[in-house]
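Notes for the one structure printed next.
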Amino acid sequence: MSGRPTPILEVKELSARYGSVEALHAATLSVEDGEFIAILGPNGAGKSTLMRAVMGLVANSGSVQFRGRALPRAAPDVCAAHGVVLVPEGRGIFAPMSVAENLELGAYLLHDATEFARRRERVFALFPRLRERLHQVAGLLSGGEQQMLAVGRALMAGPQILLLDEPSLGLAPRVTEDILDALALLNKEGTDHRPGGAEGALALKLARRAYLMSLGRMVAEIDPRTVTSYDDIAQYYLS
């Protein structure tokens, strides 16, 4: 029986709250193997909460399945061990540590020196500036370099699906394009590193599908190829 492929990541009726405030309301989405999706919405729409809930970083209810198996809902380390890795908003690098140490921490579950070297060389191929700054304190990097380091550290974990929370926030256009090029290459290769979900206009350029969010709810699923201006997106919020 033919049909749509089984999703690598499937989220059903996922809700999340901070204390007594429900910030995410019964969100449902899926990501197919090798697919890049974008999650769009204004500030406060629930995009970051959705990604945090997928990782089990916030109190939540609902279902999150990775390759057909349920992910533990309060164990982000187990999610990462399964291959679901988040690059958080604000980058979340370890500022007092060097670039090299940050990359090493990304591979803390790996115990194979050859594979570690392979992954690090792959990161350097994508972001050559990290090789140049290898022994520099991470907190002294530029904003763009810190974002490259955050993505590079996540790739050191060998993710099967990569969640990126606001990957272009506050970056210069040229730096944004560099990161876009790296993500496009990862997506094209179809290797272990699959950017599975990301926020904002950066991701929209790469995405096969896009989900729109507002006030903690999914508003629509759209084909990014139909978006020619912000007016095309605004209609979903004004209708």
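Heavy atoms only: backbone and side chains are in, while hydrogens, waters and symmetry mates are out.
Applying the salt bridge (Lys or Arg N to Asp or Glu O under 4.0 Å) test to every pair with at least one member in residues 97-109, sequence neighbours left out, gives no pairs at all. Listed by first and then second residue, the salt bridge (Lys or Arg N to Asp or Glu O under 4.0 Å) pairs that reach into residues 132-141 are R133-E145, sequence neighbours excluded.
With contacts defined as side-chain heavy-atom distances shorter than 4.5 Å, the pair Y211/L50 does not qualify. For the pair H111/F116, no side-chain contact is recorded, criterion being any heavy-atom separation below 4.5 Å from C-beta on. Residues E115 and L110 are in side-chain contact: their nearest non-hydrogen atoms beyond the backbone lie under 4.5 Å apart. Between F66 and Q160 the shortest side-chain heavy-atom distance falls below 4.5 Å. Looking at heavy atoms from C-beta onward, T28 lies out of side-chain contact with V11 at the 4.5 angstrom threshold. Counting heavy atoms from C-beta on, the side chains of D165 and K47 never come closer than 4.5 Å. Side-chain contact between L162 and L164: present, with at least one pair of heavy atoms (C-beta onward) separated by less than 4.5 Å. For the pair L29/E221, no side-chain contact is recorded, criterion being any heavy-atom separation below 4.5 Å from C-beta on.
Take P128 and apply the side-chain contact (heavy atoms from CB on, under 4.5 Å) test, not counting sequence neighbours, and it matches no residue. Listed by chain and number, the residues in a side chain to side chain donor-acceptor pair (under 3.5 Å) with R217 amount to none (sequence neighbours excluded). Applying the salt bridge (charged side-chain N to carboxylate O under 4.0 Å, His left out) criterion to D223, with sequence neighbours excluded, gives R225. Contacts of N43 classified as side-chain contact (heavy atoms from CB on, under 4.5 Å), with partners at least two apart in sequence or in another chain: none. The side-chain contact (heavy atoms from CB on, under 4.5 Å) check on Y18 picks up A23, T49, R52, V58, with sequence neighbours excluded. Partners of R129 under the side chain to side chain donor-acceptor pair (under 3.5 Å) rule, at least two apart in sequence or in another chain, are D178. In terms of the salt bridge (charged side-chain N to carboxylate O under 4.0 Å, His left out) criterion, residue partners of E121 (sequence neighbours excluded) are, by chain and number, R131. With sequence neighbours excluded, the residues that form a side-chain contact (heavy atoms from CB on, under 4.5 Å) with L109 are A81. Not counting sequence neighbours, S61 has no partner by the side chain to side chain donor-acceptor pair (under 3.5 Å) test.
One N or O on the side chain of N102 and one on the backbone of S98 form a donor-acceptor pair closer than 3.5 Å. Proximity of a side-chain donor or acceptor of S15 to a complementary backbone N or O of A26 within less than 3.5 Å is detected.
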> Where do I39 and M213 land on the side chain to side chain contact (heavy atoms under 4.5 Å, CB included) test, with the steps shown first?
Replying inline: CA-CA 7 Å; I39 302 171; M213 295 189 69; 3.8 Å; yes
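A donor-acceptor pair shorter than 3.5 Å can be found between the side chains of S48 and E89.
Atom CE of M148 sits about 11.5 Å away from atom CD of Q146, to the nearest 0.5 Å. Rounding to the nearest 0.5 angstrom, the gap separating the CG atom in L149 from the CE atom in M156 is 11.0 Å.
Residues L103 and F94 fall into different hydrophobic clusters, defined by Ile, Leu, Val, Met, Phe, Trp and Tyr side chains chained together at heavy-atom separations under 4.5 Å. Hydrophobic clustering, with ILVMFWY side chains joined whenever heavy atoms are under 4.5 angstrom apart, keeps M97 apart from V137. Hydrophobic clustering (side-chain heavy atoms under 4.5 Å, transitive across Ile, Leu, Val, Met, Phe, Trp, Tyr) keeps M55 apart from L105.
Clustering of Ile, Leu, Val, Met, Phe, Trp and Tyr by side-chain heavy atoms under 4.5 Å joins V78 with none of the others.
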